[in-house]
Protein chains: 2
Amino acid sequence: MPAVAKTSDREIVAAAKKFVARHGHEALSMQAVADAVEVRAPSLYKRFDGRDAVLRAVQREAFREFGAALEREQGTGSASERIRGLATAYRAFARRHPRLYAAMFAEVEALDDDDLAVRKAAALPLLRALAPLVPETTRLEIARALTAFIHGFVSMELSRSFRLGGEPEPAFERGLAALLHGLQTG
Amino acid sequence: MPAVAKTSDREIVAAAKKFVARHGHEALSMQAVADAVEVRAPSLYKRFDGRDAVLRAVQREAFREFGAALEREQGTGSASERIRGLATAYRAFARRHPRLYAAMFAEVEALDDDDLAVRKAAALPLLRALAPLVPETTRLEIARALTAFIHGFVSMELSRSFRLGGEPEPAFERGLAALLHGLQTG
DNA sequence: ACCTGAACACCGTTCAAGT
DNA sequence: ACCTGAACACCGTTCAAGT
């Protein structure tokens, strides 16, 4: 006699993502998700392999949203203005969803092909914006250097690692300008 | 009747640090530390307020070691060669102690004055190396931009976030060179 | 086919009782 | 003064039993 489904993959991921956005990925528990979708915790194991699988599903959703936010930023202007726009959109996403952004980089046990696909997709807008500016041979290196700077800056900002006074703002502007200038002349 | 002390703050921190270096900070438990120093877990609470306090003590030790490694790098050569040396020493420390490096940035409940002091001390070598190169008014910004790049790069490298093929090495060299060049001309 | 209670092996933490 | 066992409220996860 088939028991009626009280929830779904989609609802579970949405509830988990909402919880992570509010309380952080460290606090994510199967109990909390189960409560939110009104089943008992063991029922979640019919749909997800465990906490790690739920967290990875949240990460996939977050990377999709993040990638979409960057895609939306494909505005007009020069190539280097477009890159600035992407950097700003990147930082804005992280500041708007700080706990979700942190969760995107939480360690998980193993990434499957879907996990890798959404991560790679989020890297494409920057690579496209760099295309008119730098040759294909060095494009990936330059994208990595830019991403390292933006990710590092945003991570330090969100974890309040800038403790020597002053605003972080000018350091972001200066670093970005220096990289854009140096990467073209280098 | 005073009971004999079976352990000490020092021994507990050393055991916890060793555990974190081996298994990562997420796996750190009071039980594991207690086993290592041969007491029962509740005894640890006579010396530390809880898991968070133990983890913060590990972070302090790690930041001290890290700062000392950077101090040691105060070699000869031009200012920008010294900065390159610091960046390389930074990255080398993170690669030599990947789990300890990750643990240094683990979220903890609240930092006390000692926590802040060791973090600030670790930032000084770079600020000193920048002194002959850039005026005091922009030095902190520039240090932050450099640190953001190095930390971001190392974090991505250690979490295997570079998944589009090729070696990370040239991206580090290129980004660092671009920043050093751009920061001086900007 | 999906849901559940009960159970297991863990956590962090508190506290009364020992010496 | 420090250590301990017992206990409490949690975890993640498994599984037999329900419908």
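No hydrogens, no waters, no symmetry mates; every other heavy atom, side chains included, goes into these values. In what follows, chains carry the letters A, B, and so on, assigned in the order in which the sequence lines appear, proteins first and then strands, with residues in each chain numbered from 1. If you're wondering where the values come from, they're calculated on a predicted model, not measured in any experiment.
Pairing analysis of DNA chain D (Watson-Crick: purine N1 to pyrimidine N3 plus N6-O4 or O6-N4; G-U wobble: N1-O2 and O6-N3; both under 3.5 Å) yields stems of 3 or more pairs at C:4-8 with D:12-16, C:12-16 with D:4-8.
Looking only at side-chain heavy atoms (C-beta outward), A:Lys6 and A:Glu11 stay at 4.5 Å or farther from each other.
Cation-pi check for A:Arg91 over A:Phe172 is met; the charged atom lies under 6.0 angstrom from the ring centroid and within 45 degrees of its normal.
Remark: of the listed residues A:Phe105, A:Phe93, A:Phe66, A:Phe105 is the sole one forming a ring-ring contact (aromatic ring centres under 6.0 Å, His included) with A:His151.
Straight-line distance from the CD1 atom of B:Ile12 to the P atom of D:dC2: 11 Å, rounded to whole Å. The CG-C1' distance, from A:Leu44 to C:dA1, rounds to 16 Å in whole Å. Following rounding to the nearest Å, B:Asp9 (CG) and D:dC2 (C1') show an atom-to-atom distance of 13 Å. Atom CZ in A:Arg47 sits roughly 6 Å away from atom P in C:dC2 (whole-Å rounding).
If you check D:dT4, D:dT19, D:dA1 against the side chain of B:Ala3, the one that comes closest is D:dA1. When distances are taken from the side chain of A:Val39 to each of D:dC2, D:dT4, C:dT4, the shortest belongs to C:dT4.
Evaluation of the salt bridge (Lys or Arg N to Asp or Glu O under 4.0 Å) rule for A:Asp115 yields A:Arg56, A:Arg60 as partners, not counting sequence neighbours. Residues passing the salt bridge (Lys or Arg N to Asp or Glu O under 4.0 Å) test with B:Glu107: none are found, sequence neighbours excluded. Here B:Arg163 pairs with nothing under the side-chain hydrogen bond (donor to acceptor under 3.5 Å, both in side chains) rule; sequence neighbours left out. With sequence neighbours left out, the salt bridge (Lys or Arg N to Asp or Glu O under 4.0 Å) criterion links A:Glu73 to no other residue.
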What's touching nucleotides 9-16 of chain C from the protein side, N or O pairs under 3.5 Å?
unit_1 : atom_1 : unit_2  : atom_2 : d
C:dG12 : OP1    : B:Met30 : N      : 3.0
C:dG12 : OP2    : B:Met30 : N      : 3.1
C:dT13 : OP2    : B:Tyr45 : OH     : 2.9
C:dT13 : OP2    : B:Arg51 : N      : 2.8
C:dT13 : O5'    : B:Tyr45 : OH     : 3.3

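In summary, B:Arg64 and B:Glu61 engage in a salt bridge, as defined by a charged side-chain N under 4.0 Å from a carboxylate O.
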